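All values reported here derive from a predicted model rather than from experimental measurement.
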Amino acid sequence: MRFSHSYLLLGAVLGLAACDSNSTKQPETAAATTTTASTDSTKYLTQPLVRDIYTADPSAHVFNGKIYVYPSHDIETGMPENDNGDHFAMRDYHILSMDSVGGKVTDHGVALDVKDIPWAKRQLWAPDAAFKNGTYYLYFPVKDKQDIFRIGVATSTSPTGPFKAEPQPIKGSYSIDPAVFTDTDGKAYMYFGGIWGGQLQRWRTAQYDSTVAPSQPAQEVAIGPRVAAMSADMKEFAGPVKEIQILGKDGKPLLAGDNEKRFFEGIWMHKYNGKYYLSYSTGDTHLLVYATGDSPTGPFTYQGVIMEPVQGWTTHHSIIEKDGKWYIFYHDTQLSNKTWLRNVKVTELKRNADGSIQTIKPMKG
């Protein structure tokens, strides 16, 4: 999950498009939160998966041949915007499912509420999910009673929940945006982290330091995302948390000033033809980019842009394969024109013969 500046990147006054939908209901509090809107849905590459709630940060998975999407559930709080993202005060998660891309989307209702997480205080940000040995795992970042982001885990016998949270966060976890990847050898890894409001910069050492400035000097090596191997029961880290190294094509580490390439938040991992693809958001430059490597823990070499900026400040994605095609799930602000009230979308992800990813333009024209 994310935070934003008080502007929309594209400055477009677009949302509440009149277009095809799996629901005719209007989003929660839409009448109170939309601005003057265009009905020209043709300006967008794709249309929202659901319209009766606001959804963002979609983590998509294929379980038992069906697609399940684990998004954030955006709500209107009336809180002023700031760079710490306090106005992103989401309280629960809804899970979406569909048999195939383009098919009917089902909202399965509340799967987990912040009030049911014993150690949590506020802000249920971008989650992810995994499956192993008959159990579904929902991983989530939320601020603890001291207002420090930790990562928790909840379990269910169903991919749609309800999920029951463990009584404590994962030991050694911190920051935001957990993404769990299970390799072809059965080993699982959690990737996580986000700078600025995601607090990753405050973990320069093993201790949390609230005095650290959100931005680094441009010539410093950019802060990297984190990775940890998962335990056999998928509820703990099996080893130490490590920082991932992301290199430029010159073989040198990306610098903090390389803000069109360096990691900001929203990490995802997938594997294609034996290569590991680490993709992420660049944050204040609003790109989805990717780097590749020969190991799930890196190092990774920056390769290029997956998706150009969406309407809105934040950008967050996931990538899956279904029925022989690859898809990217993402979000924008088509329905609301508010950067904190987003809607989930999906489009096909295409590659070149060498495995490189073709850049997607989410806005037409």
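No donor-acceptor distance shorter than 3.5 angstrom exists from the side chain of K242 to the backbone of A229, with no hydrogens or angles considered. Proximity of a side-chain donor or acceptor of K275 to a complementary backbone N or O of G293 within less than 3.5 Å is not detected. Using modelled atom types, no side-chain atom of T301 and backbone atom of A291 make a donor-acceptor pair closer than 3.5 Å. Remark: the backbone N or O of V221 is paired with a side-chain donor or acceptor of Q216 at under 3.5 angstrom. A donor-acceptor distance shorter than 3.5 angstrom exists from the side chain of T205 to the backbone of Q207, with no hydrogens or angles considered. When atom types are taken as modelled, the side chain of T55 and the backbone of V344 share a donor-acceptor pair closer than 3.5 angstrom. D332 places no side-chain N or O within 3.5 Å of a backbone atom of V310 that could act as its donor or acceptor partner. A donor-acceptor contact shorter than 3.5 Å is absent between the side chain of E220 and the backbone of A256. In terms of modelled atom types and a separation under 3.5 Å, the side chain of D144 and the main chain of D147 share a donor-acceptor contact.
Side-chain atoms of S173 and Y139, non-hydrogen and from C-beta on, never get closer than 4.5 Å to each other. Under the 4.5 Å side-chain criterion, counting only non-hydrogen atoms from C-beta, P141 is in contact with P178. Here the side chains of Y327 and I67 are not in contact, with every heavy-atom distance at 4.5 Å or above. You'll find the side chain of K364 stays beyond 4.5 Å of the side chain of K43, heavy atoms only. The side-chain heavy atoms of Y290 and Y302, taken from C-beta on, include no pair separated by under 4.5 Å. At least one side-chain heavy atom of K171 sits less than 4.5 Å from a side-chain heavy atom of E236.
When ring centroids are compared, F88 and W340 stay outside the 6.0 Å threshold. Taking the six-membered ring wherever Trp is involved, the centroid distance between the rings of W203 and Y208 falls below 6.0 Å. In this structure, W196 has its ring center under 6.0 Å from that of F264.
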Test log, rule side-chain hydrogen bond (donor to acceptor under 3.5 Å, both in side chains), inputs Q201 and D209:
CA-CA 9 Å; Q201 72 281 353; D209 184 353; over 6 Å; no
Decide yes or no on side-chain hydrogen bond (donor to acceptor under 3.5 Å, both in side chains) for T135 and N133, but give the supporting numbers first.
CA-CA 6 Å; T135 299; N133 296 333; over 6 Å; no
Is there a side-chain hydrogen bond (donor to acceptor under 3.5 Å, both in side chains) between H331 and D74 once you walk through the steps?
CA-CA 11 Å; H331 68 234; D74 285 353; over 6 Å; no
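In the hydrophobic clustering of this structure, L254 groups with V305; members are Ile, Leu, Val, Met, Phe, Trp, Tyr whose side-chain heavy atoms approach within less than 4.5 Å, directly or through other members.
Of the candidates F263, F181, Y174, Y174 is the only one forming a ring-ring contact (aromatic ring centres under 6.0 Å, His included) with F192.
Geometrically, R351 engages W326 in a cation-pi contact, judged by NZ or CZ lying under 6.0 Å from the ring centre and within 45° of the ring axis. With a 6.0 Å cutoff to the six-membered ring centre and a 45° limit on the axis angle, R226 does not count as a cation-pi contact of Y191.
One finds the CD1 atom of I151 at 7.0 Å from the OG atom of S175 (value rounded to the nearest 0.5 Å).
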